[in-house]
Amino acid sequence: MNRKLKAQLIAPCGMNCGICMAYLREKNKCPGCRAADTNKSVSIIRCKIKNCEAVQKGKIKFCFECEKHCARLKQLDKRYRTKYHMSMIENLEFVRDKGMDKFLRWQTEKYKCPACGGILSTHNGKCYQCQHIESW
Ligand SMILES: [Zn+2]
């Protein structure tokens, strides 16, 4: 299975869907926040950014393009910094300042499974390819 990280997997909020448990797992697999069929996306239920009008109407592609600096993004960022040792805002700033290609390369290295070279989930440190679990 091709699990290469790609731009299409980077959500408006800065979440990398490619390292999301819901995307990596086999059952009830989420196609990612930017999937054509968002009815199958778990984010539609969980993620409040999805309700953002600017994102829905395609006015902005990423939250960093928005001037509001809204509470939704800050809350999401805080939750992820606390629970999953990553930051949406840090991701967004990286994409904004260094570009998508560099971001994808950085993420590929950061979440590389030390056992098989697959991709670790940021939620539980698990590689769904070889079942290795990284304790970080
Ligand atoms: Zn692995």
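This one's a predicted model, so the numbers in the text were calculated from it and none came from an experiment. All ligand and atom numbering here is 1-based and tracks the order in the structure. No hydrogens, no waters, no symmetry mates; every other heavy atom, side chains included, goes into these values.
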**Complete:** Closest non-hydrogen atoms of Arg34 and Ile10, given as atom of the first, atom of the second and distance, are NE-O, 2.6 Å
**Request:** Go through the structure and list residues passing side-chain hydrogen bond (donor to acceptor under 3.5 Å, both in side chains) with Tyr128, not counting sequence neighbours.
**Result:** Asn124
**Interatomic distance, Tyr84 atom OH to Met15 atom CE [nearest 0.5 angstrom]** = 9.0 Å
**Request:** Would you check if Cys130 and Cys113 make a side-chain contact, meaning some heavy-atom pair closer than 4.5 Å?
**Result:** yes
**Message:** Could you work out, with ring pair (Phe, Tyr, Trp, His ring centres under 6.0 Å) as the rule, every residue matching His132, not counting sequence neighbours?
**Reply:** none
**Fill in**
Within a strict 2.8 Å cut-off of the Zn ion (ligand 1), protein N/O/S atoms tallied 4
**Request:** Please list, chain by chain and in numerical order, all residues satisfying ring pair (Phe, Tyr, Trp, His ring centres under 6.0 Å) with Phe103, sequence neighbours excluded.
**Result:** Phe94, Trp106
